[in-house]
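Everything below concerns the one structure shown next.
Below, read A as the first sequence line, B as the second, and so on, with proteins coming before strands; counting in each chain starts at 1.
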Amino acid sequence: MTDRERDGAEVVLRLSGITKRFGALLANDAIGFDLRKGEVIALLGENGAGKTTLMNILFGHYTADEGTVEVFGQPLPPGHPRAALAAGVGMVHQHFTLADNLSVLDNVLLGTRPLFSASLGKAAARTRVNRLAQDFGLAVHPDARVGSLSVGERQRVEILKALYRDARILILDEPTAVLTPQETTALFATLKKAVALGLSIIFISHKLGEVMEISSRVLVLRHGKLVGEVETARTDRHRLAEMMVGAEIAAPKVADRAPGPALLTLKAVDTARRGNAPGLKGVDLDLRAGQIIGLAGVSGNGQSALAALIGGLESPVAGRMELDGGQNADWSPRAAIAAGIARIPEDRHRSGTVADFSLAENAILESYARQPMSRRGWMDWRAADMFARRIIDTYDVRCPGPSARIRLLSGGNMQKLILGRVLEAGPRIILANQPVRGLDIGAVTFVHNRLIAARDAGAAILLISEDLDEVTALSDVIHVIYEGQLSPGFARGTKTPAELGLWMAGQGFGGAHHAA
Amino acid sequence: MDLFDILLNASFWAAAVRIASPLIFATLGELICERAGVLNLGIEGIMVAGAFAGWMTVYLGFGLWTGVLVAMLVGMAFGFLHAVLTVPFGLSQHVVGLGVTLLATATAYFAYRLSLPEVTSPPKIEPFQPLEIPLLAKLPLIGPAFFAQTALTYLAFALILAVWLLLYRTPLGLAIRAAGENPASVEAQGLSVTAIRMGAVIAGSGLMAVGGAFLTMSAFSSFFFEMVNGRGWICIALVVFGAWRPGKAALGALLFAAFDALQVRLQQTPMGAVVPYQLFLMVPYVLSILALILMSRRAEVPAALMMPFNKGER
């Protein structure tokens, strides 16, 4: 869309002067922009830049402290999702707002009829959902239980919900974070159909490639401020990245290095299923000294099972697990720590830290029972304090001090403390499960460089990530995990992202990998 | 042989249906609350309050149905208290529920003592009389059991269907179920989670109170202390037993009531002369626990049960 075309198109949405504070945090600072008919705006920014907050204000989940929203020229009353829906605004939330135990149709129908009407009108609704699904390429069975759907299918339900209510403006909050490259392509095809039918789209992302592909205009948010606005056709990824971060960023450099001996070997390992999460099936894996093994895959395909196994939370039900060539009789978190396995857990709030413990207490969670943190059964708090101070200094943890409660820290600083706890123990094997999830680019670079340094110092690292770019940038060898099975190892640079995407979608599996 | 005789006796089945009726009211009430995501442990006390309020209204000279209405309104008032504390304020549902039970029970006993200070044996009221349905009441076994009961019992059984229709066939029911599964889905579709949850708790509490009123107005004809006697807690278990489905929960209530009717009759057999009666009293509870273990292993708990929802919070 050229400038002239855009200027001619109707303004469907106008935000002006939106300001929102959460306590001392200024999440949105006087943000304003226009969205025109048939346009795709990308809202780009790091985590915590205020993108989601802004969209939640637009949709009425939050109420802005200042500023107004106008949809099709009419002011939108703040704080009412119902008003936003009625005005033609539909939102596809990052964390899906679906009830798993209900059917697709029930989820779509929820709230569409007056509460006290006597019937749900399911038959007519089913026809309409099927037609919308066909028109927009959103294949999903209306009577399927949402809990039984894949992540990609759930997202289609979210989009259907909005379309069913005749949304003219579609907001998608980080829609591709959970999709395989192929599912992303399908999503973009759907969005292009929607735009062709005159819908307008706000697409939130921090993935530059996708922003370049789908959007006609990019708005960049940083620290709650709108710092840039640019036609997509007149910019490139590099410039967008600079606008987003506010500085030049250097990609991590990984020098080639000959791998050392295998420190941990899995041979045909199976683990038990856990609820909906698949267990491992016949997994062969070598973790070698001085090597980063990357694990790519769509979330929920057995990553947690592998992490639980290596972290000592689970034992194999079949197959062999060898540390330095010998099998371990009892496998437990304690045994894993004793074997020199350090863990960066997937969820730093839930399993990485104890929120109401101090930094010092959190720093010694794994070493409290040993010298020098305790002697003859008594804690030595001075040693713990010194240890925490060392981590704070070395890893640049911004905090009031070792006695502050860790819940007060931002995600990035919390992760740096965990990283310090992991690396200061001098681990032989590092299990890095989503080590940079939710961190801004500065913190990401810091964590990545530290991991590379640990690898160069001879540690074996298993990097689990849902971000394919991260995996390909850091890993010496990449395995793809799919429904608990592991692909063969692909050496750095031997597979394109598209090829890995096919593996992530399950192609190439099915007994083949056992032969490989 | 005794057991066989008991089971073929129409009075046994009639008793089972009668005992089940208050449980059905209260179980359906609890089920509506829990389907919306709120555990209502106020049930025991709300039943006591309902039993007292209904009975007192009739004792003061009002009609029986006025009594039922007053009981329901009193139940809804305590339900409102529970709803305000647990839904918009998001307080612990366990603590609030136990608090409401203590408050409602104590208030009912206090009001009883205030209004009848001199009385040692509580006065009786004229309760609901059995209504025989022509022809059907003459059927063997099921006739007396299902078609010669009081109006309140018929109402209880009609409510099973009504609650089922509400939950599965109306937009409101869909919203209630969604509020118990994922309140964010309700919010994102433009509905108020607070209003739906509060409404469900208040309406459910009204049903619980009617269950309590059944005891004074259709079963015992008077009010005395400890008369609810843990029935509320049984209903909490029956909701789980029924996997949060009205039909299955009501079936559970009938099953429990049948065990209860059975143990009374077993006490009167020759075996009852040898075995201490306390063991018989345990029968329905033991059998219910066994049934609970067998039936509810794969039950799907409403995913957001006991999870407070705060709009606009990060």
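- Between the side chain of B:N182 and the backbone N or O of A:L98 there is at least one donor-acceptor pair closer than 3.5 Å.
- Chain B forms more heavy-atom pairs under 4.5 Å with one residue of A:A83, A:A99, A:A84, A:G121 than with any other, namely A:A99.
- At most 12 heavy atoms of other shown residues, nucleotides or ligands fall within 6.0 angstrom of atom CZ in B:F80.
- Taking both residues in full, the closest heavy atoms of A:H93 and B:A188 are given as CE1-CB, 3.6 Å, listed atom of the first, atom of the second, then distance.
- For A:L109, the parts lying under 4.5 angstrom from a heavy atom of chain B are both the backbone and the side chain.
- We find the NE2-CD distance between A:H80 and B:E187 to be 10.5 Å, quoted to the nearest 0.5 Å.
- Heavy-atom distances place no part of A:N56 under 4.5 Å from chain B, backbone and side chain included.
- Contacts with chain A were tallied for B:S185, B:A303, B:P302; B:S185 has the most, counting heavy-atom pairs under 4.5 Å.
- Only the backbone of A:F96 has a heavy atom closer than 4.5 Å to any heavy atom of chain B.
- The contact between A:V108 and chain B is made entirely by backbone atoms, counting heavy-atom distances below 4.5 Å.
- Listed by sequence position, A:R113, A:P114, A:L115, A:F116, A:S117, A:A118, A:S119 are the residues of residues 112-119 of chain A in contact with chain B, using a 4.5 angstrom heavy-atom cutoff.
- Ranking B:L165, B:I196, B:L166, B:L174 against chain A, the residue ahead of the rest is B:L174, based on heavy-atom pairs under 4.5 Å.
- Of the listed residues A:T52, A:L85, A:L110, the one with more heavy-atom pairs under 4.5 angstrom with chain B than any other is A:L110.
- The neighbour count for A:R168 CZ, taken as heavy atoms of other residues, nucleotides or ligands under 6.0 Å away, is above 12.
- Residues A:L120 and B:R169 are not in side-chain contact: their nearest non-hydrogen atoms beyond the backbone lie 4.5 Å or more apart.
- Here the side chain of B:Q189 pairs a donor or acceptor atom with the backbone of A:N107 at under 3.5 angstrom.
- Within a 6.0 Å sphere centred on NZ of B:K248, other residues, nucleotides and ligands contribute more than 12 heavy atoms.
- The contact between B:A178 and chain A is made by backbone and side chain atoms together, counting heavy-atom distances below 4.5 Å.
- Applying the salt bridge (Lys or Arg N to Asp or Glu O under 4.0 Å) criterion to A:R126, with sequence neighbours excluded, gives A:D143.
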